[in-house]
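For reference, the structure is listed below as structure tokens.
As the structure is a prediction and not an experimental result, all values here were calculated from the model. Order of the sequence lines fixes the chain letters, A, B, ..., with proteins taken first and strands second; residue numbering starts at 1 for each chain.
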Amino acid sequence: MINTIKTDLRIELENILKEKYNQEIPVVVEEPKNADLGDISIPVFSIVKTLRKPLNLVVDEVIDTIKKTKVSENFSAIEKVGGFINISLNRVAFSKKLIKEGQRLDYGSSNLGKGKTIVIDYSSPNIAKPFSVGHLRSTIIGHAIGNILEKLGYKVVRINHLGDFGTQFGKIIYAYLNYGDKEKVEENPIEELVKLYVEFHELAKENPELEDKAREIFKELELGNPEYYKLWEHFREVSLKEYMKVYEMLNVKFDSYDGEAFYNDKMQAVVDELTEKSLLKKDSGAMIVDLGESMPPALIQKSDGSTLYITRDLAALFYRKTTYNFDEVLYVVGNEQKLHFEQLKAVVKELGYEFYQDIHHINFGLVLQDGKKMSTRKGKIVKLEDVLNEASELSLNYINEKNPELENKSEISKKIGVSAVIFNDLKNHRTNDIEFDLADMVNFIGQTGPYLQYTSVRISSVLDTMEFNCEDINYNLFTGNHSFDLIKTIAQYEEVLQRAKEEYSPSVLAKYLLVLASYFNTFYAKEKIMVTDDKERNTKLCLISIIRNILDEGMTLLGMQVIKKM
RNA sequence: GACUCGGUAGCUCAGCAGGAUAGAGCAACGGCCUUCUAAGCCGUCGGUCGGGGGUUCGAAUCCCUUCCGAGUCGCCA
């Protein structure tokens, strides 16, 4: 809303100035950092420079010009401070518009994504490995981005590209057949399979030929060896079952669980096309695509003829393009795979497809423990399920301390705990590394998930006491600073969602919700809401109901749970 | 070694299509519940924006250089 006013002002000013001086004069329109200075400001330095006139004259001239614009009807004051022109909005008029807008059920939506499809590849855990906190990031970042895109009108296809293929299965199958305990695997599949995997690596250190043995088994699996295939299928099934428990806790769903193996029979076509277009080159026995000097070549086929990660990703990409005809495809995968996705794009470009530009690697930082990367190979792993359970327990302790009479304590504490973990991850820009620290994640004070939930609950408890009427409003009540801060913040919701999309970063929304909640809590501390005057009470209730709607929707978009009491 | 990403308050982070005195939260300290949930609010303390150059009327923001940390660099995914 405020953005629209800014843009209109800039365009009108530029047009008038252009007509007058017969040259392009770019105008900067921004919001001052300090709200006391005004709502909109224009630094005139650049105009001074192009016009080569004294600063004072230019300031006065621009102020006169502003008064001639149509948007100026939104302004109540225009002041000059040095080389800045500070404009204040007409608070009553602006509030009036906003309160009306804010009541719309689809407030914040836009037609940005109308008719467009975006495929998101996220979560994608590796079969036969526990669902670690390492997968947490991909899962919740991808889920949140998907939700935000849907809010903006995009059709979203959510794909869990399971890591259910690759040499690792050669290793696991080798280990299972040679020294695996079948019964133990039945009882506790993932845990035992990980043990076998770790054990394999220890053995392989002494006997490097085991690595070749594993590659050989994988190669046969790829060719359809029935014994290996049966084992593979079993491992996949038991793993997926475990993952579904976690997805249920996180409330995450997918449209497809087709993993790498699904593309097993679709890779030859890729190899063929690369060959046809003369892009494939033999190098030390392996087949590569040369990508020039800026990038190492992409390895398409190993010297034993079996395929690699990028081959499968190419097959998956083309399959998705033909199946969904996407406008964009997003890969929510860690920073460490940056090169891989650059190569993927480069190969698609080499093949002559324009849509290489629509491929986006949504990279994110590592989950660190004591400043170091968590590693599967050393078996040092923290299960996400345990983390979520622990977070819920901490929440329960808190409730017992703060509100012991609360009903459904255990259910609510689960919602708080899980949401706390989600919010802790999303509040920081995704490319940052995050240190894994449960105590920090579930800190209930400050910029946290519980803070947002608590704010929403506070509003709910007021709203539930009485009906209200948004037609009966005194707009003069919004002119005070702590009220108008809220109005302005509500006005930013739409652009916040769009920026979250542009940056593919839910943190933009997360930070915004913190600001909104904080302004509300200030308002709440200073204003009594349930006053006896009908009009004043209606006004306040209407305002806070809009705030709650945004908070609740925002939290839902992030993947958090909304609660009514806590 | 090459490339990529990061270095802002004791800690966790915003700000980075250049703009007005660099902002939050945590921690520390001090206030505020006979009023709608104090998981809150208000205040105090705390910063050579890693260092050094440059461009500019103006640099945390752009360029160069340097130091520190992380990631990646052909048969793992």
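- Base pairing of B/G43: its partner is B/C29, meeting the Watson-Crick or G-U wobble criterion (both donor-acceptor distances under 3.5 Å).
- Ion pairing of A/Arg215 with A/Asp212 is present here, as a side-chain N (NZ or NE/NH1/NH2) and a carboxylate O approach within less than 4.0 Å.
- Taking atom P on both nucleotides, B/U66 is separated from B/U21 by 33 Å, rounded to a whole Å.
- Between A/Glu30 and A/Lys6 no salt bridge is recorded (no basic side-chain N to carboxylate O distance below 4.0 Å).
- With a cut-off of 3.5 Å on both pairing distances, the Watson-Crick or G-U wobble partner of B/C62 is B/G54.
- When Watson-Crick and G-U wobble pairs are counted only if both distances are under 3.5 Å, B/U48 pairs with no nucleotide at all.
- Across all strands shown, A/Ser461 has heavy atoms under 4.0 Å from base atoms, whether or not it also approaches the sugar-phosphate.
- Contact annotation for A/Met566: base contact, defined as any heavy-atom pair under 4.0 Å involving a base atom.
- In summary, of the residues considered (A/Thr448, A/Ile563, A/Leu551), a side chain to side chain contact (heavy atoms under 4.5 Å, CB included) with A/Gln453 occurs for A/Ile563 alone.
- B/C63 and B/C26 have their P atoms separated by 35 Å, with the value rounded to a whole Å.
- When A/Phe523, A/Phe520, A/Tyr519 are each tested for a side chain to side chain contact (heavy atoms under 4.5 Å, CB included) with A/Ile547, only one passes: A/Phe520.
- Syn is the classification of B/C33, since its glycosidic angle stays within 90° of 0.
- Base orientation at B/A39 is anti, since its O4'-C1' glycosidic dihedral falls outside 90° of 0.
- Annotation: B/C75 and B/C68 have their C1' atoms spaced 34 Å apart (nearest Å).
- Taking atom C1' in both B/A60 and B/G50, the straight-line distance is 12 Å, to the nearest Å.
- A donor-acceptor contact under 3.5 angstrom links the side chains of A/Glu527 and A/His482, judged on distance only.
- A/Asp425 and A/Arg430 are not joined by a salt bridge, as no carboxylate oxygen comes within less than 4.0 angstrom of a charged side-chain nitrogen.
- Residue-level contact check: A/Gly166 touches the backbone only, with heavy atoms under 4.0 Å from sugar-phosphate atoms and none from bases.
- Across all strands shown, B/C3 forms a Watson-Crick or G-U wobble pair with B/G71, both key distances being under 3.5 Å.
- Across B/C75, B/A39, B/A77, the shortest atom-to-atom separation from the side chain of A/Tyr309 is found for B/A77.
- A/His361 pairs with exactly one of A/Phe341, A/Tyr122, A/Tyr504 by the ring pair (Phe, Tyr, Trp, His ring centres under 6.0 Å) rule, that one being A/Phe341.
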Item to check | Footprint string (nucleotides 7-21 of chain B, 5' to 3'): B base within contact, S backbone only, - free, heavy atoms under 4.0 Å | outcome: ------SS----BBB

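- The separation of B/C64 from B/A24, taken at their P atoms, amounts to 33 Å, rounded to a whole angstrom.
- The residue among A/Asn126 and A/Lys49 whose nearest nucleotide of RNA chain B lies closer to the 5′ end is A/Lys49.
- The partner of B/A38 is absent, by the rule that a Watson-Crick or G-U pair needs both atom distances under 3.5 Å.
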At a cut-off of 3.5 Å, list every protein nitrogen or oxygen paired with a nitrogen or oxygen from nucleotides 40-44 of chain B, distance to 0.1 Å.
from  : atom 1 : to       : atom 2 : distance (Å)
B/G40 : OP1    : A/Gly446 : N      : 3.3
B/G40 : O2'    : A/Arg458 : NH1    : 2.7
B/C41 : OP1    : A/Tyr451 : OH     : 2.8
B/C42 : OP1    : A/Thr522 : OG1    : 3.1

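- Within 4.0 Å of A/Ile288, counting heavy atoms only, lies at least one base atom of the nucleic acid.
- Among the atoms of the strands shown, none is found under 4.0 Å from any heavy atom of A/Gln343.
- With respect to A/Glu503 and A/Arg499, a salt bridge is recorded, a charged nitrogen being found less than 4.0 Å from a carboxylate O.
- If you check every strand for non-hydrogen atoms under 4.0 Å, A/Ile399 touches a base.
- Along RNA chain B, the nucleotide nearest to A/Asn335 and the one nearest to A/Asp304 differ in position, and the one closer to the 5' end is contacted by A/Asn335.
- With both ends at atom C1', the span from B/A59 to B/C49 equals 11 Å, rounded to whole Å.
- Two residues are said to be in side-chain contact when any heavy atoms from C-beta on lie closer than 4.5 Å; A/Asp552 and A/Asn549 fail this criterion.
- A/Ser284 comes within 4.0 angstrom of a base, heavy atoms only.
- In this structure, A/Glu260 reaches the sugar-phosphate backbone alone: every heavy-atom distance under 4.0 Å involves primed, P, OP1 or OP2 atoms, never a base.
- At least one side-chain heavy atom of A/Val289 sits under 4.5 Å from a side-chain heavy atom of A/Leu280.
- With respect to the salt-bridge test (charged N to carboxylate O, under 4.0 angstrom), the residues A/Lys281 and A/Asp290 qualify.
- Among the protein residues, A/Lys528 comes within range of the nucleic acid bases, having at least one heavy atom under 4.0 Å from a base atom.
- Atom P of B/U8 sits at a distance of 26 Å from the matching atom of B/G43, rounded to the whole Å.
- Residue contacts for A/Ile529: at a heavy-atom cut-off of 4.0 Å it reaches a base atom on one of the strands shown.
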